[in-house]
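Side-chain atoms are counted along with the backbone in the values below, which use heavy atoms only and exclude waters and symmetry mates. Sequence lines set the chain letters: A, B, ... in the order given, protein chains first and strands last, and positions in each chain run from 1. Here the structure is a predicted model, which is why all the values come from computation and not from measurement.
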There are 4 protein chains.
Amino acid sequence: MPYIAEDKRRVVTRLRRIRGQAEALERAVEAGTECAQLLQQLAALRGAATSLMTEVLDMHLRETFVTPPAQTTPPDAQALNHAVDEVMRIVRAYVR
Amino acid sequence: MPYIAEDKRRVVTRLRRIRGQAEALERAVEAGTECAQLLQQLAALRGAATSLMTEVLDMHLRETFVTPPAQTTPPDAQALNHAVDEVMRIVRAYVR
Amino acid sequence: MPYIAEDKRRVVTRLRRIRGQAEALERAVEAGTECAQLLQQLAALRGAATSLMTEVLDMHLRETFVTPPAQTTPPDAQALNHAVDEVMRIVRAYVR
Amino acid sequence: MPYIAEDKRRVVTRLRRIRGQAEALERAVEAGTECAQLLQQLAALRGAATSLMTEVLDMHLRETFVTPPAQTTPPDAQALNHAVDEVMRIVRAYVR
């Protein structure tokens, strides 16, 4: 998880922006906005989710493989292999 | 745009669900949830945005190429070509 | 299908390029190239397939909705709806 | 890179299959196959490239973070951070 307070703040800010995009889209639909424009706004929301994914994945890889939190003993090969399985499950959820 | 009230309701409902997913993710980050789980929840939010895109694109294609709204004169070749340009701009925003 | 000879030539050329990228990747693996570089080359091949998809989809939309081939009677609503179903099946195969 | 001969063989076999898919698509275009079918075949080729990417990325993560090749000294934090930068560059090349 984002251990550093600054990382947490950044992730929460970006999630709020995504929430704001969803609210703006609701208003746009209610106002009868054209589908083409709705689809572009939806692409922007999805793009924000993708870019947030890469930021959190970056944190996750560093926390897992580079500098595990101080209080834990260094992960052994089995734990590291399990961590790779988890990363690959995540990556597969995002690519087609 | 979604002309039929039922279509509008369905799109707004799905946008509210995406908003709810973003809120749930904010709470999860504040609660210190592990990155791997955050990333799976984020993949679900992004998947919901992708699936909503395909639903709105489907509406857009039918409104544009099959049954344009009654009050407009049938689109000529130039208007139809312009509509294809717009659809392709949208599709390119979603694929890599 | 790409009716115009020039369209056909362009699509075949781009397919040959993708074939060439696959052959180059085979040689790179045999030569012991690092995974990171293989993955970048594979991303380029996949990107070429995505970009060819958008080109052929563009042709398909125009042939179907703008200027159907001369020898066929203009498609009725049922045929056009069927064509939209087909386009959506294709789009869904490319997005997650 | 795929160090184990068996890994290499598997990757080369899958690349040959992608090459075969590109050749089959060339023949299909020459034979005047409908765009919709070409697009489905192209989606299959792209899907094969995506799935090969995940397989090679899996190898890369294990070789880098779990069991680096015997002859090299265990990577220090700087090298591991650099490796994460590289993995993220790769992941970003595949998602939108």
Side-chain angles (χ1 to χ4, degrees), chain C residues 1-3 7-40 42-50 52-64 83 86-87 89-96, chain D residues 1-3 7-40 42-50 52-64 83 86-87 89-96:
Chain C
M1 73 185 162
Y3 288 98
D7 283 348
K8 255 193 187 177
R9 221 182 345 262
R10 217 173 43 238
V11 171
V12 169
T13 305
R14 295 185 68 168
L15 283 166
R16 285 199 184 122
R17 210 174 295 149
I18 290 172
R19 185 149 56 99
Q21 288 173 295
E23 282 157 14
L25 269 157
E26 279 176 58
R27 289 192 299 272
V29 173
E30 303 285 14
T33 303
E34 285 303 327
C35 281
Q37 193 180 329
L38 296 178
L39 288 162
Q40 290 293 2
L42 198 49
L45 183 153
R46 182 175 173 270
T50 304
L52 179 56
M53 175 280 280
T54 55
E55 184 158 349
V56 176
L57 182 60
D58 187 301
M59 288 176 202
H60 180 54
L61 291 177
R62 290 183 209 278
E63 285 167 16
T64 308
E86 203 166 50
V87 168
R89 244 194 317 276
I90 291 161
V91 168
R92 286 194 180 92
Y94 285 88
V95 291
R96 166 149 284 174
Chain D
M1 71 183 162
Y3 288 98
D7 283 348
K8 255 192 186 177
R9 222 184 344 265
R10 218 173 41 239
V11 172
V12 168
T13 304
R14 296 185 67 170
L15 284 166
R16 283 198 186 126
R17 211 173 294 147
I18 290 173
R19 184 151 54 101
Q21 288 173 296
E23 282 158 14
L25 269 158
E26 280 177 57
R27 289 192 300 271
V29 173
E30 302 286 13
T33 304
E34 284 304 327
C35 281
Q37 192 179 332
L38 296 179
L39 288 162
Q40 289 295 0
L42 197 49
L45 184 153
R46 182 176 174 271
T50 304
L52 180 56
M53 174 280 279
T54 57
E55 183 158 349
V56 176
L57 182 60
D58 188 300
M59 290 176 201
H60 180 53
L61 292 177
R62 289 182 210 278
E63 285 167 16
T64 308
E86 204 166 50
V87 169
R89 245 193 317 274
I90 290 160
V91 169
R92 287 194 180 92
Y94 284 88
V95 291
R96 167 150 284 175

Chemist: Please round to the nearest 0.5 Å and tell me the distance separating atom CG of D/Leu52 and atom CZ of C/Arg46.
Modeler: 11.5 Å

Chemist: Identify the two heavy atoms, one from C/Leu45 and one from D/Ala49, that lie closest to each other, and give their separation to 0.1 Å.
Modeler: CD2-CB, 4.0 Å

Chemist: Measuring from C/Ile18:CD1 to D/Ile18:CD1, what's the distance to the nearest 0.5 Å?
Modeler: 10.0 Å

Chemist: Rounded to the nearest 0.5 Å, how far apart are CZ of D/Arg19 and CG of C/Leu25?
Modeler: 11.5 Å

Chemist: State the CG-CD distance between C/Leu15 and D/Gln21, to the nearest 0.5 angstrom.
Modeler: 11.5 Å

Chemist: Given heavy-atom pairs under 4.5 angstrom as the criterion, report whether the side chain, backbone, both or neither of C/Arg16 touches chain D.
Modeler: both

Chemist: What are the two closest non-hydrogen atoms of D/Val56 and C/Cys35, and how far apart are they?
Modeler: CG1-SG, 4.0 Å

Chemist: Side chain, backbone, both or neither: which part of C/Arg89 has an atom under 4.5 Å from a heavy atom of chain D?
Modeler: both

Chemist: To the nearest 0.5 Å, tell me how far D/Leu38 CG sits from C/Met53 CE.
Modeler: 13.5 Å

Chemist: Check the pair D/Leu39 / C/Val87 against side chain to side chain contact (heavy atoms under 4.5 Å, CB included), numbers first and verdict last.
Modeler: CA-CA 9 Å; D/Leu39 288 162; C/Val87 168; over 6 Å; no

Chemist: About how many Å separate CD of D/Gln40 and CD of C/Glu86, when rounded to the nearest 0.5 Å?
Modeler: 8.0 Å

Chemist: What residue, out of C/Ala43, C/Gly20, C/Ala44, has the most heavy-atom pairs lying under 4.5 Å from chain D?
Modeler: C/Ala43

Chemist: Is chain D contacted by the side chain of C/Glu30, its backbone, both, or neither, given a heavy-atom distance below 4.5 Å?
Modeler: both

